[in-house]
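Values below: all heavy atoms of this structure, side chains included; hydrogens, waters and symmetry mates excluded.
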Amino acid sequence: MSPYKSFQYIENLSEAVGKEVTLRGWVQNKTGKGKLQFIVLRDGTGICQCVVFKPNTSEELFNDAKSLTQESSIEVKGVVRAEERAPGGFEIDVTDLKIYCLTKDYPITPKEHGDAFLIEHRHLWLRSSRQHAIMRVRAAIVKAIRDFFDGNGFKLMDSPILTPSACEGTSTLFETKYFDLGNAYLSQSGQLYAEATAMSLGKVYTFGPVFRAEHSKTRKHLTEFWMVEPEMAFFDINDDMDLAEDLVEYIVQYTLKNCQQELKLLERDTTKLEKVRRPFHRMSYSDAVDWLVENKIPLKKKIDGKDVDVLPFPWGEDFGTVQEEAIMEQFDKPCIIHRYPSEVKAFYMKRDPNDSRVVLAMDMLGPEKAGEIIGGSQREDDIELLTQRIHNENLPLEDFQWYLDLRRFGSVPHSGFGLGLERVVKWITGAAHIREVIPFPRMIYRIVP
RNA sequence: UCCUGAGUAGCUCAGCUGGUUAGAGCAUCUGACUGUUAAUCAGAGGGUCGGGGGUUCAAGUCCCUCCUCAGGAGCCA
């Protein structure tokens, strides 16, 4: 029972059969037949059917019950009964009813609605059963991530959101005025700061919102999303990949263990998630290109505004959705692709000592068209090579002096990666669109609500 | 940014090669009903057909333009 005595929560009703309880919540749905009214009450922890039968109650109580509308907020009192016919498995016979707010014309009905309408009413859409389930899974996944790192000797570090310049130099950033110091930018990654902190604490992770002002408009993109970025001193690329596999396996298994009800409501095929066990698949970029050539997967390119298929796939080009999905179709668990051409990856990634054309980068692709859920690398720890890469990318060297200090003073091999929270929640819940897995999505043409 | 598609009742949609008063289901309101699960039955109200301009005797329908939205590319997690 709830330690807060004035009312009880629906999730605890199994302990209260035969007892009188007070429930508070919202009317999810109401049906009835003449002298009999069924109120489905939602309180955030579950749903409970409340029954009002006219001959057994006062005229006033029955009329109040009959007047209830979808999403009215109420308090009910009654004795709990186990009832197979009731959604949720329990039912209470109402002996007292208090109406907090009688809702008029609730916009989201139990019928079908379009995407645009629902997202415009996101603040109300969150009350719907699917969205409710997704938010619970999201919370569980965040907890799994924190538990995993906290339980494995990592320290949480909070990286700044306002930064003086681009950290990767590639993405477009949101810009804002910063007093007399010129422009500041909303961070697209906490990695550089995590690297600095790892030199103090050994193993750290930063977990916060990041921002990308790219004009991306797909069901996988948000302009504001949450990313967890571990960074580990003395980890090489293989340690990095092992850790990434451990983390993803832990998240999926934790969710399976703790969110059965939610996944069932979402009609997620959990047998597919059960297969997400180490070891995952691994493939070098070069082997992946060989596979694309063998299977005649072309490079899609725009030449003079026309779409052209380039065959065979040329070594050195980055993979797009077509290539990634083709590769992943053969797998039922994630696959890490590692050692990418240096030209397509960020300046801070370490050159492979065995092949100077590639860097020690790794991307983890999820099955079931989950796409890229992790991107990481071993970091360049040689100050000469790093300075050269900053030059080649035309990045302002002054802004990176503090970052170069990490290589001047006790430089060590180190690695890390970033995991996109929403991409993972989308994959695990099977949500059709990434906007469904964050409470208030920020997208290129939408900032309200 | 580019490409493609869409905008008709509160919601989801139909509306043919232009032709009388623009339709359906759901939702809402009124009434009936003791086990409903998207209840059912009977009745009622509800529209600047995204905005502007044009062609025509006549435009929801054809043309131009603008706006809004969708998801795909590029880029990425």
Partner nucleotide, any strand, of G74(B) [Watson-Crick/G-U, under 3.5 Å]: none

Separation of G72(B) P from Y445(A) OH (nearest whole Å): 16 Å

Reported OG-to-CZ distance for the pair S67(A) and F62(A), which is rounded to 0.5 angstrom: 10.5 Å

Length of the CD1-P vector between I434(A) and G72(B), whole Å: 12 Å

Any R212(A) side-chain N or O less than 4.0 Å from OP1/OP2 of C75(B): no

Whole-Å distance separating the CG atom of D318(A) from the P atom of C76(B): 6 Å

Pair R146(A) + D150(A): basic N to acidic O under 4.0 Å: no

Residue-phosphate contact under 4.0 Å: T321(A) side-chain N/O, A73(B) OP1/OP2: yes

K333(A) to F280(A), cation-pi by 6.0 Å centre distance and 45° axis angle: no

Whole-Å gap separating C1' (A70(B)) and CD1 (I119(A)): 12 Å

More than 12 heavy atoms from other groups under 6.0 Å of CD on Q260(A): yes

U68(B): pairing nucleotide in any strand, Watson-Crick or G-U under 3.5 angstrom: A6(B)

Of the listed nucleotides A77(B), U37(B), G71(B), the one nearest the side chain of P87(A): U37(B)

Side chain to side chain contact (heavy atoms under 4.5 Å, CB included) against S14(A), all qualifying residues, sequence neighbours excluded: F90(A)

G18(B) to C62(B) separation - C1' atoms, rounded to the nearest Å: 8 Å

Write out a two-atom table: protein N or O, nucleotide N or O from nucleotides 7-11 of chain B, distance below 3.5 Å.
| from | atom 1 | to | atom 2 | distance (Å) |
| --- | --- | --- | --- | --- |
| C11(B) | O2' | E112(A) | O | 2.8 |
| C11(B) | O2' | H113(A) | ND1 | 2.7 |

Separation of the C1' atoms in G74(B) and C16(B), to the nearest angstrom: 40 Å

Ring-face cation contact, W125(A) with R130(A), 6.0 Å cut, 45° max: no

For E380(A), all residues meeting salt bridge (charged side-chain N to carboxylate O under 4.0 Å, His left out), sequence neighbours excluded: K350(A)

Sugar-phosphate, base or nothing in reach of N29(A), heavy atoms under 4.0 Å: sugar-phosphate

Gap in Å between the two P atoms, one belonging to G60(B) and one to U48(B), rounded: 14 Å

Between G15(B) and U8(B) - C1' atom distance, rounded Å: 9 Å

Any residue meeting side chain to side chain contact (heavy atoms under 4.5 Å, CB included) with D287(A), in chain and number order, not counting sequence neighbours: M283(A), S284(A), D290(A)

Assigned partner base of U40(B), Watson-Crick or wobble definition, under 3.5 Å: A32(B)

Identity of whatever pairs with G45(B) - Watson-Crick or G-U, under 3.5 angstrom: none

Whole angstrom value for the distance that separates P of U28(B) from CD of Q70(A): 8 Å

Residue whose closest nucleotide on RNA chain B lies nearer the 5' end, M443(A) versus G375(A): M443(A)

Short side-chain N/O contact to A77(B) OP1/OP2 from H221(A), under 4.0 Å: no

Sugar-phosphate, base or nothing in reach of L222(A), heavy atoms under 4.0 Å: base

Under-4.0 Å side-chain N/O to phosphate OP1/OP2 contact, K300(A) with A73(B): no

H215(A) NE2 - A73(B) C1' separation (whole Å): 15 Å

Side-chain H-bond candidate by donor/acceptor type, R24(A) with T22(A), under 3.5 Å: no

Closest nucleotide among C69(B), A73(B), C76(B) to the E324(A) side chain: C76(B)

R446(A) side-chain N/O to A70(B) phosphate OP1/OP2 under 4.0 Å: yes

Same-atom distance (P) from U65(B) to A58(B), integer angstrom: 23 Å

M364(A) CE to H338(A) NE2 distance, which is reported to the nearest 0.5 Å: 12.0 Å

Whole-Å distance separating the CZ atom of F225(A) from the P atom of C75(B): 16 Å

Paired nucleotide for U17(B) [Watson-Crick or G-U wobble; both distances under 3.5 Å]: none

Pairwise 5' ranking along RNA chain B for R435(A) and L419(A), keeping only the more 5' one: R435(A)

Nucleotide paired to G60(B) in any strand shown, Watson-Crick or G-U, under 3.5 Å: none

Distance, rounded to the nearest Å, where I444(A) contributes CD1 and G71(B) contributes P: 12 Å

P spacing across the pair G10(B) / G50(B), given as an integer number of angstrom: 13 Å

Candidates G71(B), C75(B), C76(B) - which lies nearest the side chain of S216(A): C75(B)

Side-chain ion pair, K220(A) and E372(A), N-O less than 4.0 Å: no

Whole-angstrom distance between U12(B) and C67(B), as gauged at atom C1': 23 Å

For nucleotides 32-35 of chain B, which of its nitrogen or oxygen atoms have a protein nitrogen or oxygen under 3.5 Å away, and what is each distance?
| from | atom 1 | to | atom 2 | distance (Å) |
| --- | --- | --- | --- | --- |
| C33(B) | N3 | G34(A) | N | 3.2 |
| U34(B) | OP2 | K35(A) | N | 3.4 |
| G35(B) | OP1 | K33(A) | NZ | 2.5 |
| G35(B) | O2' | R85(A) | NH1 | 3.4 |
| G35(B) | N1 | E91(A) | OE1 | 3.1 |
| G35(B) | N2 | Q49(A) | NE2 | 3.3 |
| G35(B) | N2 | E91(A) | OE2 | 2.6 |

With K272(A) via salt bridge (charged side-chain N to carboxylate O under 4.0 Å, His left out) - residues at least two apart: none

C1' spacing across the pair G46(B) / A22(B), given as an integer number of angstrom: 14 Å

